[in-house]
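A short worksheet on the structure shown next.
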Amino acid sequence: MSELEKAYIAKKYEDKIYKKWEDSGSFQPKNGDKKAFTISMPPPNATGTLHLGHAIMLAIQDIMTRTKRMQGHPALWLPGTDHAAIATQNKVEKLLAERGQDRHKLGREKFLEEVRKFVAESQATIHNQIRKMGSSCDWSRERYTLDEGLSKAVLEVFVRMYNDELIYRGYRLVNWCTRCESTLADDEVDHKDIGGHFYHIKYPLKDSEQYLEIATTRPETMLADTAVAVNPKDKRYKHLIGQTLILPLVGRELTIIGDEYVDIELGTGALKVTPAHDPNDFELGKKHSLETINILNEDGTLNENAGKKYAGLDRFAARKKIVKELEEEEYLMKVEDHMHSVGHCYRCSTVIEPLVSLQWFIDVNKPTKDGKTLKEKSIEVVKDGSINILPERFSKTYYHWMENLRDWCISRQIWWGHRIPVWYCQDCEEIIVTAEEPQKCTKCGSKKLKQDEDTLDTWFSSGLWTFSTLGWPENTEDMRRFHPTSVMETGYDILFFWVARMILMTTYATGQIPFETVYLHGLVRTKTGEKMSKSKPETCIDPLDMIEKYGADALRLSLIVGASPGNDTRLYEEKIAGYRNFVNKIWNSARFVLMNIEDYDVSLDDVLKSDLSKVDKWMLSRLNETTASITDKLNKYALSDAGTEIYEFFWGEFCDWFLEMSKVQQNDKVLAYVIKQILVLLHPFVPFVTEAIWEHMGEKEMLIETSWPKSEESLKFTEAKEEIELVKDIISQIRSLRAESSVDATRKIKAVLHAGRHKDLLGENVDIIKRLANLGSLDIKESGAKEQNTLASVVKEVEIFLPLEGMIDPGKEKQRIGKEIENIKRYLHIIEKKLANENFAGKAPEEIIAKENNKRDELAVQLEKLEKQLDSIV
RNA sequence: GGGCGCUUAGCUCAGUUGGUUAGAGCGACUGGUUUACACCCAGUAGGUCAAAGGUUCGACUCCUUUAGCGCCCACCA
């Protein structure tokens, strides 16, 4: 088997292995009695290429899925993509713009063709990239939010909600993106603090020299003012309520109204009321029956209502013009700098305009059939523990968001997405809501029907993802087997956008929760903690480059180990290189074993029947403990902890100790058994290299299909384990003595051990100690006279002497041992103080006290021996 | 204005329900052609666990306050 490369070449194996897995059907869930384990893969946007955010999600979900699959659960990881309405449309519009095209010139159908073409291309790219990460997802069940089946589910839910009066159409103040020319949901607006201005404007009283001073940050909206409000408790203005003001530049008469809403302290205490372009003013307008004047076009320019002078101007140009005119006509009193929060489109960063518009909404506050509102239901399933959010603290954020959720605006004016299933009769104005395109008006029979132009919010369809992908509304077998799903694993940044929406939509549509556990991962940042951005290529890491360079296994580990749920993680190339080294170490340990062993067909029985040395027992014991611990951690989704533990066990114990010891004394059965089990435990983390090795070992069954080990009572060897730990400590101590005293590392020196009751143990392992400590000869005695001219030390009760004629400086040696004694004394002192403390003796648990007593006794013995050694130096 | 998180070795991070003389990887330093691996091996140095107070027999771990950094939410004209 020595033809294996000295270093593992990931590139040579990964694609081949992935193909083998995929072709074998092992990504598809098996039948079985155990509870199914399901993850719906958060569908990447069909807009381009995979980034590290996808890589971390794929790594985490793949580890979960592989573990459960090996544990014998029917495991389904369902992949797919999202049409990502606004994001995709924007992207294609940008591409069109580069060719001097735009969607309006193309028209709806041609534009959609362009989008479809673009999506098909990026989907192909995404498929390839998901595979590159080693994702063991079931491609036979892949879905796309615009699939026929999913679209059917979308329409079905819409119609049901409409019939249940949970979806309604109405004039409301909405968030309008002037670039996308569409509404946005409240949480699709990013609020950013912007340095703006406070413009103080004179609003003169009719037929008077007096005026009111009004402060505003958006002076152009004055063109839509229909009142001015003051607080009736405000002594300055109280008497003016009911009087009339003249709107500067426009000349419209405005009534001064009184409303407690107005904050006396804020601004000037007088508030211009613009019902069409401000959420608060909209409410005031409704309350006081004010006129609503909309001055904005969909593209952010001003319309006729703004007056001829301003119509057609962009909102910001209009602002400038108005400020200038106010100044010229001496209405502008002052301009102050003012920091305030301004809404921006989360997809294109354009400043959002609030405006009144006729849109479709989901009513989150209306009781449904079971008497609870959508909002209440969504809160309940998390509160009662049906859904468990990891890390737990995000539950609080979730409640807060849900509790304050307002009706969800679901209609978008973009073209890319699910068309709203509503038709308007052109003859009788009947509104027909149906999943199937109607042929004629249900009321008057007219065939002149016009479908609503709008599409649905992309989160409406992705909110159905866990069940629409399983065939709902049909009562499919997949639906019965795999829903509710087990885990929703995604970034905490889309808790509201998506996770909350899924809970809301799924509990309504199916009466089930969408998933049992929500695992939220953090953001991948640069080494210095900045967000990765393509504009900074020196720190922005492309997962595919890293896979090319270091292999997918290394990349996966670098994203998993050291990253806990809900916390951001930093990634940089040295880290990935470090895990590449680890992967290579796995490869080489296997290479070593493969050079030594032919037969890997070893059962537990074979191992137990073989002639087990204490070293074997130690290793089996540790393997068994590690298996139990890792299984436990994985079951709790503590992936980082599990990864760290297997890393340290494999490298620090199996390679550094057991393999080295095997070079002296080898038990084929144990070696084969242990390395195979380690490969199994490693497999969810580093699937490629482990599968590659597995194949070289001539296994018939692929590792991906192998069952997960259980911890076995018969592998517990407590005594042998402790004995070998002592042997290891002695070896370490000898190595340390040598190095500290600058003994030539290559020199095979002699050692004498006064082993006391451990004489037999050390005798059994004399060759191992000699080799690992690089000794020429080793003399083991029960006890004896002090050795002279030696480096001396004590481990537990065992005294170590390294006779080094002529090399020992008694002064230095005295100093060294003296220091060691001091150390022990200090420690001993702490323990003795603790034990002498009545409160400790009275209150600490017995276990702890026993442990402390033990430590004290050991230290006392060690101290005594060291003191004798010190005395003997002449 | 609310809420949350972080602060542990030069760097990146672990540290489970309080019981270690505080750990790992990288980096640094010393030394190594040993039946796999220099993508390696052996060894060493390096931390008053952000600060102050409190609870406790015992605090990196729990509580309070403070400071710095970061994030989320919020219709402050």
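Every chain is numbered from 1 and lettered A, B, ... according to where its sequence line falls, protein lines coming before strand lines.
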Would you say the rings of [Y] and [X] are close, in the sense that their centroids are separated by under 6.0 Å?
X	Y	result
A/Tyr647	A/Phe582	yes
A/Trp587	A/Tyr13	yes
A/Phe497	A/Tyr346	yes

**Asked** Any N or O donor-acceptor pair linking the side chain of A/Lys585 to the base of B/rC37 at under 3.5 Å?
**Response** yes
**Asked** For RNA chain B, whose closest nucleotide is more 5', that of A/Ala215 or that of A/Glu648?
**Response**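 Its nucleotide being nearer the 5' end, the pick is A/Glu648.
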**Message:** Assuming nearest nucleotide by heavy-atom distance, tell me which of A/Thr644 and A/Gly267 is located more 5' along RNA chain B.
**Reply:**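 Comparing both residues, the 5'-ward one is A/Thr644.
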**Asked** Between atom CD1 in A/Ile734 and atom C1' in B/rG43, what is the gap in whole Å?
**Response** 14 Å
Is the distance from OP1 or OP2 of [N] to the nearest side-chain N or O of [X] less than 4.0 Å?
X	N	value
A/Lys851	B/rU20	yes
A/Arg826	B/rU21	no
A/Trp401	B/rC4	no

**Nucleotide of B/rG43, B/rG15, B/rC41 approaching A/Asp641 most closely (side-chain heavy atoms)** =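 Of the options given, the side chain of A/Asp641 lies nearest B/rG15.
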**Closest to the A/Arg591 side chain, choosing from B/rA74, B/rC37, B/rC72** =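 Nucleotide nearest to A/Arg591's side chain: B/rC37.
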**Nucleotide forming a Watson-Crick or wobble pair with B/rA24, both distances under 3.5 Å** =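 B/rU12 is the nucleotide pairing with B/rA24.
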**Request:** Please identify each residue that fulfils salt bridge (charged side-chain N to carboxylate O under 4.0 Å, His left out) with A/Lys796, with sequence neighbours left out.
**Result:** none
**Prompt:** Touch check for A/Arg747, heavy atoms < 4.0 angstrom, all strands: base, sugar-phosphate only, or nothing?
**Reply:** nothing
**Item:** Audit row: A/Tyr550, A/Tyr579, ring-ring contact (aromatic ring centres under 6.0 Å, His included) steps and yes/no
**Value:** CA-CA 9 Å; A/Tyr550 302 106; A/Tyr579 287 110; over 10 Å; no
**Message:** How would you summarise protein contacts on nucleotides 28-35 of chain B per nucleotide, using B for base, S for sugar-phosphate only and - for none, with heavy-atom distances below 4.0 Å?
**Reply:** ---SSSSB
**Item:** A/Asp225 with A/Lys272: basic N within carboxylate O range, under 4.0 Å
**Value:**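 Between A/Lys272 and A/Asp225 there is a salt bridge, with a charged N closer than 4.0 Å to a carboxylate O.
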